[in-house]
Amino acid sequence: TQAMVKPVVPKNIFKKRTTKFTRHCCDRFPGLPTSWRKPRGIDSPVRRRYKGMKAMPNKGYGSDRVTKYIHTCLLYTSDAADEEDSVDLGGRRIIKKKKNKTIK
């Protein structure tokens, strides 16, 4: 008898923050890229963490160790569980297998 198929992640995936951290003043200046840069000015309200300013990334926004780096689309499926050794956390084989089945 074969063992029952279990999900890769034993608990629900919960992300503390799903929006990306954006650069300070990137909304005011159109030429400024939105990618995060740490503010370094001596009077910067973001660096001094004033109320109402943008949040800066820190270790408090980290994800749970069990669910870290795992996406919801990479859970076991019945057609991917045919080959027990082909299901892995990377999910590349699962995705390729689904694509091949949809083409045929």
Nearest 0.5 Å, please: how far is OH in Tyr61 from CZ in Arg17?
5.5 Å
Can you tell me how far CZ of Phe29 sits from NE2 of His24, rounded to the nearest 0.5 angstrom?
8.5 Å
With a 4.5 Å cut-off on side-chain heavy atoms, are Pro39 and Met56 touching?
yes
For Arg48 versus Tyr50, what's the shortest heavy-atom pair and its separation?
CZ-OH, 3.2 Å
Roughly how far, to the nearest 0.5 Å, is OG1 of Thr34 from CZ of Phe21?
14.0 Å
Counting distance only, does the side-chain N/O of Arg47 pair as donor-acceptor with the main-chain N or O of Gly41 below 3.5 Å?
yes
Indicate yes or no for a side-chain donor-acceptor contact from Lys16 to the backbone of Ser63 under 3.5 Å, with no hydrogens or angles considered.
no
Distance-only donor-acceptor check, side chains Thr22 and Lys54, under 3.5 Å
yes
